[in-house]
Amino acid sequence: MWTAIARHLLDLLLLSMILFIAYGFGMRASAFMRVRFAHTIEAVVCAIGIGLAALANGVFIVGLLGWLNRFSVLFLLALMLLFSVALTKGDWRCTVSNERPHLPEKLLRLHSSQSMAERLMTFLCILSSSLALIGALSPPTIIEWDSLSYHLAIPKLYLKAGRIYFVQFTSHASFPFTIEMLYTVGLALSGHALAKLFHFAFFIGCAFLLLCLGNSIALQLWHSVNQSGSKTNLPSPKRSAWAASWALFTIPIALAEASTAYIDIALSFYALLFIHALIRWLSTLSFGWLVLAAIACGVCMGTKYTGVLLIIPLLCIVLLAQTRCRIKLRAPLSMMQSFTAIAIALITASPWYVKNAILTGNPFFPFFYEIFGGRGWNEKMAEQYRRHQLEFGTGRTPLQLLLAPWNLTMRSGIPSGFTRSGKKPIKYEVEPNPTSGIGLTFLAFIPTAALIRPFPTYGALLMGVCAFWFLAWFYSVQYLRYLLPCIVMLCGIVGYAYSHWFERSTLTRIVSQVAMLIALSYSLLITLAWSLPYVPVVLGVVSDDEYLTQTLPSYVAAKYINRHLPKDTKIITYGEPLCYYFERDYLWGDPGHNLLIDYDKVASSDEPMLALFEAYRRLGVTHVLLNRRYFSLAMEGVPNGLLREAIRKGLLKQLMSQRGEELYEIDWGAVNAMRK
């Protein structure tokens, strides 16, 4: 027990040291860009965001050079530390100036005007984040499907090879991998717990940024009111800040993802940084803030393909500022600054797109195949992938667009088995469950924003960006995680709406507090339900090995493979993509993932069985792993029927069969005899 706790404390210490180094680097970079932060919270969060992005890109460069290992990661951190040491106390004072007295100076110090209900809200948020931390410290299991298949698995392969290379067996390895480079740091220095803690840190960073964003939206209205006018009924900037942060903890899917090694919370963090930096640029006209917004936009594009959506708001807002339409600036924006901002965003994101263009011929691989093509992909696979993506959500009619807020709130977290018979469930996730919901806050507060007068300009700007993201999501792939940055950004509007109704009247004050408390309590109960099973393994009462054996079928196969198979083993898997715990080389063999084996050519050959095993020989395959839960030997055709016949004829000899996982060794002697 104490050993497990000590290991977790060490991981938290390592994370703290990395964040401290990232903070120092980010502050130094901010001083170079001449960004003047309004207060300490804003400085710390923005600086850490800059530093972590720099660290991720540094790991990418080291990986391309073929120097990827623990020593090179430590060397990168040492270089960043040396760079940040040059930050003097005077530089810090120039970078951080408390120019806005209404900004919260200390996050955990509750304002004296907060009610007991609001103090309870803060407590519930702290409790929810503690539960999410427990999940982050647990070993990834089957519910973290994407972590085990590529978010963690591909960085592990990079570390094993000592370099970044083209992983041909899965197209997911060619996605933008900025955040996965941070997971590479975690795996190199400690293990998967440290890697997952990076994503949890981004979740806490979102809460901090929402404090700043919620405050800026309300404060802009205060500044626009004539000095002689009364501000008594205006929403409190500090309460707007706190409510925006509270709203984040009402999102079950955000809390669930905070405990995983996924990337959507990190994408949400940089999307928040992008919109906050744009607002600060519009209020200060400091070019440094525009540069920071462009960098954040570029990091979003380098984190996930959906991050490309933010280049459109950046371009539109810069052009509006250039023409001085609808946005009142004290000085015109030069054309050079406009082009510079767009160029910085594109350059920041470019490494991943250039890498794809060189390795596959398609900068957006595997998407847009009909335009760019792509190595290891074909039209049939592209169409199959597109159809699979369009299976999620509802129809794309105007009526469904109007119903989307209701469906996302009330129906997104209902498991398929709980729907009424004859009624088709709405699937915004592969397996809908209570954690795959957006919570109750948005349906309660966002519609009321239309009734708020006056409504701040920055709030309208944020609503516009979120509306653009939502429409792009609705008319493309209605997968809930793809909408998460939009939902997190909307927390800023929720905060302003809450603060407005709090000040409006006694009735609206009570209703708004009750609504927020219900939403927080609902999310907390869901978080508590899925985090409790992690407690025994996190505390060390149950060992990682025992826990994974019980919860992850592929881990049983991984244990056998790691213990009994020689180092030069290469395994081809069918129906089993969760290979993170494998310590031997592997590749995915299922049709549709890659073209390493041309199954159509195998099927049309004179001897399909020999053609299949010849393909295995060419790839260096020695063993075959079948996950019988997802791969049926009863099916005819290639490869299912051929593998069934190979087992019957003794070409594949079974080594183990547990929990649906079947491992076979190729008997090359029998294959050669069949050839003769």
Distance, nearest 0.5 Å, that separates [atom1] of [X] from [atom2] of [Y]:
X: I275; Y: L213; atom1: CD1; atom2: CG; answer: 7.5 Å
X: I311; Y: M301; atom1: CD1; atom2: CE; answer: 5.0 Å
X: I446; Y: C491; atom1: CD1; atom2: SG; answer: 8.5 Å
X: L528; Y: L131; atom1: CG; atom2: CG; answer: 5.5 Å
X: N378; Y: Q384; atom1: CG; atom2: CD; answer: 9.5 Å
X: F470; Y: L490; atom1: CZ; atom2: CG; answer: 9.5 Å

How close do [X] and [Y] get, heavy atom to heavy atom, and via which atoms?
X: Y270; Y: G49; value: OH-O, 2.7 Å
X: P363; Y: Y353; value: O-CD2, 3.3 Å
X: A293; Y: F274; value: O-CD1, 3.3 Å
X: I251; Y: G437; value: CG2-O, 4.2 Å
X: P237; Y: L219; value: CG-CD1, 3.7 Å
X: Y305; Y: S174; value: OH-O, 3.4 Å

Do the two ring centres, one from F203 and one from F249, sit under 6.0 Å apart?
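Close enough - the centres of the two rings lie under 6.0 Å apart.
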
Salt bridge E383-K380, side-chain N to carboxylate O under 4.0 Å
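Judged by the 4.0 Å cut-off on N to carboxylate O distance, E383 and K380 do not form a salt bridge.
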
Pairing of K427 and E391 as salt bridge, 4.0 angstrom limit:
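Salt bridge absent between K427 and E391.
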
Just so I know, are the side chains of [X] and [Y] near enough to count as touching, which here means a heavy-atom distance under 4.5 Å?
X: L483; Y: I438; value: no
X: L480; Y: I253; value: yes
X: F392; Y: I426; value: no
X: L278; Y: W289; value: no
X: P405; Y: F442; value: no
X: Y498; Y: M121; value: yes
X: N594; Y: T170; value: no
X: C46; Y: L273; value: yes

Is it true that [Y] and [X] share a donor-acceptor pair across their side chains at a distance under 3.5 Å?
X: S505; Y: T508; result: yes
X: E144; Y: H151; result: no
X: T122; Y: W246; result: yes
X: T178; Y: W352; result: yes
X: E503; Y: S236; result: no
X: E429; Y: Y479; result: yes

Intermediate values then yes/no, side-chain hydrogen bond (donor to acceptor under 3.5 Å, both in side chains), T448 and W501
CA-CA 9 Å; T448 67; W501 297 117; 3.1 Å; yes

Check whether NZ of the Lys or CZ of the Arg R239 lies under 6.0 Å from the centre of the six-membered ring of F502 and within 45 degrees of that ring's axis.
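Yes.
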
Could you tell me whether a side-chain N or O of [X] sits under 3.5 Å from a main-chain N or O of [Y], the two making a donor and an acceptor?
X: D590; Y: G575; result: yes
X: R481; Y: Y262; result: no
X: Y458; Y: R280; result: no
X: S499; Y: Y496; result: no
X: N362; Y: F367; result: yes
X: E118; Y: S115; result: yes
X: T360; Y: N356; result: yes
X: D264; Y: L484; result: no
X: W469; Y: P485; result: no
X: H199; Y: T260; result: yes

Are there more than 12 heavy atoms of other residues, nucleotides or ligands under 6.0 Å from atom CD of E379?
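Atom CD in E379 is not crowded, with 12 or fewer foreign heavy atoms closer than 6.0 Å.
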
Given the rule in the side-chain contact (heavy atoms from CB on, under 4.5 Å) test, do M381 and Y369 qualify, once you have shown the distances and angles that lead to the verdict?
CA-CA 10 Å; M381 295 163 66; Y369 179 83; over 6 Å; no

Given K196 and F200, is the side-chain contact (heavy atoms from CB on, under 4.5 Å) satisfied, shown in steps?
CA-CA 7 Å; K196 292 173 66 175; F200 176 79; over 6 Å; no

Dump the intermediate steps for side-chain contact (heavy atoms from CB on, under 4.5 Å) on Y150 and D146, then the final yes or no.
CA-CA 6 Å; Y150 71 99; D146 288 358; 3.8 Å; yes

How far apart are the C-alpha atoms of F177 and Y183, what are their side-chain angles, what is the distance that settles it, and do they pass the ring-ring contact (aromatic ring centres under 6.0 Å, His included) test?
CA-CA 10 Å; F177 255 38; Y183 298 161; 9.1 Å; no

Report the C-alpha separation of H172 and F175 in whole Å, then their side-chain angles, then the decisive distance to 0.1 Å, and conclude whether the ring-ring contact (aromatic ring centres under 6.0 Å, His included) test is met.
CA-CA 5 Å; H172 290 46; F175 290 173; 4.9 Å; yes

Run the side-chain hydrogen bond (donor to acceptor under 3.5 Å, both in side chains) test on T441 and T250 for me, step by step, so that the C-alpha distance in whole Å, both residues' side-chain angles and the decisive distance to 0.1 Å come before the verdict.
CA-CA 7 Å; T441 308; T250 67; 2.6 Å; yes

Under the side-chain contact (heavy atoms from CB on, under 4.5 Å) rule, what do L285 and L290 come out as? Steps first, then yes or no, please.
CA-CA 8 Å; L285 293 182; L290 182 59; over 6 Å; no

